[in-house]
**Q** 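Sending over a structure as structure tokens; questions will come in a sec.
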There are 2 protein chains.
Amino acid sequence: MEENLKNFKKNEISPAIMRRLPNYLRYLKEKQKEGVEIISSVNIADDMKLSPIQVKKDIASSSKVQGKPRIGFEVDGLIADIERVLGYGNVNDAVLVGAGQLGKTLLSYTGFENYGLNIVAAFDSDPAKCNIKIKNKTVYPVERLSEIIKKYNIRMGIITVPERFAQNICDIMVEAGIKAIWNFAPTHLIVPDKVALKNEDLAASLAILSSQLKVILNKQEN
Amino acid sequence: MEENLKNFKKNEISPAIMRRLPNYLRYLKEKQKEGVEIISSVNIADDMKLSPIQVKKDIASSSKVQGKPRIGFEVDGLIADIERVLGYGNVNDAVLVGAGQLGKTLLSYTGFENYGLNIVAAFDSDPAKCNIKIKNKTVYPVERLSEIIKKYNIRMGIITVPERFAQNICDIMVEAGIKAIWNFAPTHLIVPDKVALKNEDLAASLAILSSQLKVILNKQEN
DNA sequence: AAAATATCGATATTTATTTATCGATATTTA
DNA sequence: TAAATATCGATAAATAAATATCGATATTTT
């Protein structure tokens with residue numbers, strides 16, 4: 001009675017693969033738009049600067065599409081499977097706290113819907129920023145944060161406040177029932193074990209890129 | 001004649017450790033601000049939700065600070081060493097293309113100076129956005145991009161244009177001599193091998209967080 | 001239609017990363 | 001001041017991830 005699911009065991013996808021899946025998805029959708037219907041691991045690997053073996057393994061563990069030797073994989077099938085693994089189509093309502101420059105940028109960003117993010121309300125401590133609408137979303141005074149999280153049973157919170165306020169906002173969110181926090185404040189937050197935390201650290205990305213640049217420039221000197 | 005540098009061999013720090021270093025740095029600076037002068041691996045591990053063994057190993061390979069049994073490591077020394085590894089103090093001049101919402105946010109972001117990013121000029125294709133200053137930085141028409149990169153010998157480029165323009169901007173940058181590209185457009189860019197590319201994919205982060213949230217919520221149902 | 005070739009899936013190997021162990025040592029406690 | 005204890009550095013073991021190998025198969029070439 002065993003299903004024909006190859007390595008597709010128990011939805012257990014490693015973190016390393018999970019990090020690459022969004023890249024595959026973006027790449028495959030571009031190819032789809034170009035009219036490509038079948039693509040091989042070698043092709044993907046060349047374009048994405050990965051090894052073909054890695055691409056094959058990643059596909060095997062995140063999709064049940066069968067590749068054909070000498071031909072490749074069906075693009076539509078890969079896209080559908082990767083989207084499912086990434087939770088495309090799920091909807092997560094979220095609140096955002098901190099309607100400053102960065103907060104407004106996230107509120108305006110249109111790329112999130114596909115990943116199921118639905119920011120239902122924003123909050124700010126500055127009365128001057130409250131009770132206005134940004135991209136159709138109302139900014140409430142931060143005093144109402146807990147109330148609204150509870151009322152709408154919201155599970156995800158986005159923090160875009162200055163770092164000195166971040167822990168306090170985080171605590172309020174956790175107390176009100178938030179289970180996943182996306183933190184853009186450059187600070188270390190303390191959360192209980194059963195709350196997921198993802199720090200978005202632009203400075204860290206920059207540091208990594210800078211060190212790569214240094215390597216490149218050094219090589220060219222030789 | 002061997003130097004007392006422990007595992008501190010050849011400046012070769014693994015990518016996995018490199019990714020964690022900015023987190024350590026942020027954490028240690030907070031402790032420093034609180035007046036903490038010595039800290040143990042167990043302490044760091046508890047707060048950062050890592051294992052003490054991993055913390056010890058990370059410190060050993062990125063710092064030459066000697067820990068004392070039963071005591072810990074000198075905070076100031078750790079900070080200094082990690083900053084050096086991350087290239088804190090290096091200065092990288094950069095150009096930014098795309099003075100929209102996200103571009104303006106990055107131009108205004110103050111957290112980058114410490115990591116040596118110095119955005120010297122911004123560019124946009126919309127004449128209405130040009131020749132104004134944002135946070136003291138002039139926005140030039142994109143036609144002048146190549147010229148200014150070459151004139152000031154700039155090596156890093158930041159792309160915050162809509163995805164359909166990203167590859168074109170990327171090509172102009174590469175042709176003009178850019179060696180490291182920080183891409184915020186949600187698209188797959190093709191660059192030569194000797195150019196470093198870092199894609200900043202907010203949707204990908206979100207996808208990972210969403211899948212963690214799903215796991216948490218499922219556990220609570222049981 | 002047969003031979004050559006490219007890519008597949010599966011498995012094996014290598015490399016990287018994390019976690020565990022253990023003697024040494026600095027502090028704390030008795 | 002001696003014994004107990006916590007944390008260190010170093011090394012070893014275990015786990016995870018990336019890469020290599022190989023027979024099978026679908027297409028292309030001859």
Side-chain angles (χ1 to χ4, degrees), chain A residues 2-24 28 31 36-75 77-78 81 85 208, chain B residues 2-24 28 31 36-75 77-78 81 85 208:
Chain A
E2 65 186 31
E3 295 211 44
N4 177 23
L5 291 183
K6 297 182 300 174
N7 298 7
F8 198 61
K9 42 187 168 186
K10 294 190 186 173
N11 295 11
E12 298 257 2
I13 294 175
S14 77
I17 294 177
M18 204 71 188
R19 278 194 293 272
R20 283 190 295 271
L21 287 185
N23 301 337
Y24 287 120
L28 290 168
K31 287 290 158 187
V36 176
E37 295 182 355
I38 307 271
I39 196 162
S40 77
S41 62
V42 177
N43 242 304
I44 297 173
D46 279 353
D47 289 343
M48 295 185 60
K49 305 206 168 156
L50 301 170
S51 81
I53 302 110
Q54 185 170 52
V55 172
K56 278 199 290 179
K57 242 198 68 195
D58 287 352
I59 288 175
S61 61
S62 58
S63 168
K64 55 186 192 302
V65 169
Q66 286 281 128
K68 284 188 185 172
R70 188 78 195 240
I71 300 294
F73 302 85
E74 189 212 342
V75 173
L78 291 181
D81 285 346
V85 170
I208 291 166
Chain B
E2 65 188 30
E3 295 211 42
N4 178 22
L5 291 182
K6 296 184 302 176
N7 297 7
F8 199 61
K9 44 188 170 189
K10 293 187 187 172
N11 294 14
E12 297 258 1
I13 295 175
S14 77
I17 294 177
M18 205 70 189
R19 279 194 293 270
R20 284 190 294 272
L21 288 185
N23 302 337
Y24 287 119
L28 290 169
K31 286 292 159 187
V36 175
E37 295 182 355
I38 307 272
I39 196 164
S40 76
S41 63
V42 177
N43 242 303
I44 298 173
D46 278 353
D47 288 344
M48 295 185 62
K49 304 205 169 158
L50 301 169
S51 82
I53 301 110
Q54 185 170 51
V55 172
K56 277 199 291 180
K57 242 200 71 198
D58 288 352
I59 289 175
S61 62
S62 58
S63 168
K64 56 185 191 303
V65 170
Q66 287 280 127
K68 284 188 186 172
R70 188 80 193 239
I71 301 293
F73 302 85
E74 188 211 343
V75 173
L78 292 180
D81 285 346
V85 170
I208 292 166

**Q** Measure the distance from CD1 on A:Ile39 to C1' on C:dA6 and round it to the nearest whole Å.
**A**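 After rounding, the reported distance stands at 16 Å.
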**Q** Can you measure B:Lys56 atom NZ to C:dT21 atom P for me and round it to whole angstrom units?
**A** 12 Å
**Q** Between B:Ser41 and D:dC8, is there a contact of a side-chain N or O with OP1 or OP2 at under 4.0 Å?
**A** yes
**Q** State the pairing partner of C:dT27; accept Watson-Crick or G-U wobble contacts with both distances under 3.5 Å, and report none otherwise.
**A**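 The base-pairing partner of C:dT27, which may sit in any strand shown, is D:dA4.
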**Q** Nucleotides 16-20 of chain C: which of its N/O atoms have a protein N/O under 3.5 Å away?
**A**
residue: C:dT18; atom: OP1; partner: B:Arg20; partner atom: NH1; Å: 2.9
residue: C:dT18; atom: OP1; partner: B:Gln54; partner atom: NE2; Å: 3.4
residue: C:dT18; atom: OP2; partner: B:Arg20; partner atom: NH1; Å: 3.4
residue: C:dT18; atom: OP2; partner: B:Arg20; partner atom: NH2; Å: 2.9
residue: C:dT18; atom: OP2; partner: B:Gln54; partner atom: NE2; Å: 3.4
residue: C:dT18; atom: O5'; partner: B:Gln54; partner atom: NE2; Å: 3.4

**Q** Can you see which heavy atom on B:Pro52 is nearest to which on B:Ala45, and at what distance?
**A**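 Of all heavy-atom pairs spanning B:Pro52 and B:Ala45, the closest is N-CB, 3.5 Å.
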**Q** Taking all heavy atoms of A:Leu21 and all of A:Ser62, pick out the closest pair and write down the distance.
**A** CD2-OG, 3.6 Å
**Q** I want to check something: taking the side chain as every heavy atom from C-beta on, are B:Lys31 and B:Asp47 in contact at a cut-off of under 4.5 Å?
**A** yes
**Q** What's the NZ-P distance between B:Lys64 and D:dA10, to the nearest Å?
**A** 15 Å
**Q** Taking the side chain as C-beta and beyond, is there a heavy-atom pair between B:Val36 and B:Leu28 under 4.5 Å?
**A** no
**Q** Could you tell me the separation between the CE atom of A:Met18 and the C1' atom of D:dA17, rounded to a whole number of Å?
**A**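 Taking atom C1' of D:dA17 as the reference, CE of A:Met18 is at 17 Å.
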**Q** Can you name the closest pair of heavy atoms from A:Tyr24 and A:Gln54 and give their distance?
**A**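 Looking at all heavy atoms of both residues, the closest pair is OH-O, 4.2 Å.
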**Q** Side-chain contact, heavy-atom cut-off 4.5 Å: B:Ile44 with B:Ile59?
**A** yes
**Q** Write out a two-atom table: protein N or O, nucleotide N or O from nucleotides 26-30 of chain D, distance below 3.5 Å.
**A**
residue: D:dA26; atom: O4'; partner: A:Pro69; partner atom: O; Å: 3.4
residue: D:dT27; atom: O2; partner: A:Arg70; partner atom: NH1; Å: 3.2

**Q** Closest approach of A:Ile39 and A:Val75, non-hydrogen atoms and distance?
**A** CG2-CG2, 3.8 Å
**Q** What closest approach, in Å, do A:Arg20 and A:Asp58 show between heavy atoms, and which atom pair accounts for it?
**A** NE-OD2, 2.7 Å
**Q** Given atom CD of B:Glu74 and atom P of D:dT7, what is their separation to the nearest angstrom?
**A** 19 Å
